[in-house]
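Only one structure is covered here, and it is reproduced in the block below.
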Amino acid sequence: MGMNRREFVGWMSMGAIVTSVIGCNDNVGDSSEPSTPKDEPSSGEFQVIGTVDELNEQGSLLDEKTGVIVIRSPSNDLIALDPTCPHKGCTVEATDNKERLACPCHGSQFTIRGEVLQGPADEPLTNYEVKTEDDQVLVKLS
Ligand code: FES
């Protein structure tokens, strides 16, 4: 029925592998596996989002998972914030001189720390704690 000998042998050996894997699992059992708890990043902990070198080169860092950005302010402070505009959710962008954040949608402006300078947004951007350790930039995501 359309299956040549080669395919048939392939199927047979696949079956043999599956069988032996299942057999192996049976022998191991559940309790003999040493459980190694991993350090799951939980909320409220500092997480590495890049290196100081990357920050210096690019001027900002973006954590792709959370969308949080880290910027170095003109006064050399590190600032981490959620760039989601509180007005309607567009993504604000830092001006070239890193003195302000501007929303491309309806013109809201914020200080580099996220305080509202100009509406329509009427709430500040969410800030996060940020620090460096060795060469790494860490943000406390809560
Ligand atoms: Fe940012 Fe409207 S979404 S000003």
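Here the structure is a predicted model, which means the values were calculated and not measured. In listed order, ligands and their atoms are each counted from 1. Position 1 is the first residue of the sequence; numbering continues from there.
Within ligand 1, counting atoms from 1 as listed, the ones closer than 4.0 Å to a heavy atom of S108 are 4 (S). For ligand 1, the atoms sitting less than 4.0 Å from at least one non-hydrogen atom of H106 are 2 (Fe), 3 (S), 4 (S), numbered in the order shown with element in parentheses.
The SG atoms of C90 and C105 sit under 2.5 Å apart.
Within H87, the N/O/S atom positioned nearest atom 2 (Fe) of ligand 1 carries the name ND1.
A donor-acceptor contact under 3.5 angstrom links the side chains of N56 and R72, judged on distance only. No donor-acceptor contact under 3.5 angstrom links the side chains of Q136 and D134, judged on distance only. Between the side chains of D82 and T84, a donor-acceptor pair is found at a separation under 3.5 Å.
Contact annotation: for C103 versus ligand 1, heavy atoms closer than 4.0 Å belong to the side chain alone.
When hydrogens are left out, the protein atom nearest atom 3 (S) of ligand 1 is K88 N, 3.2 Å; that is the closest non-hydrogen contact.
Contact of the F46 side chain with the E133 side chain is not registered, since no non-hydrogen atoms from C-beta on lie closer than 4.5 Å.
For atom 1 (Fe) of ligand 1, the N/O/S atoms of C85 include one lying under 2.8 Å.
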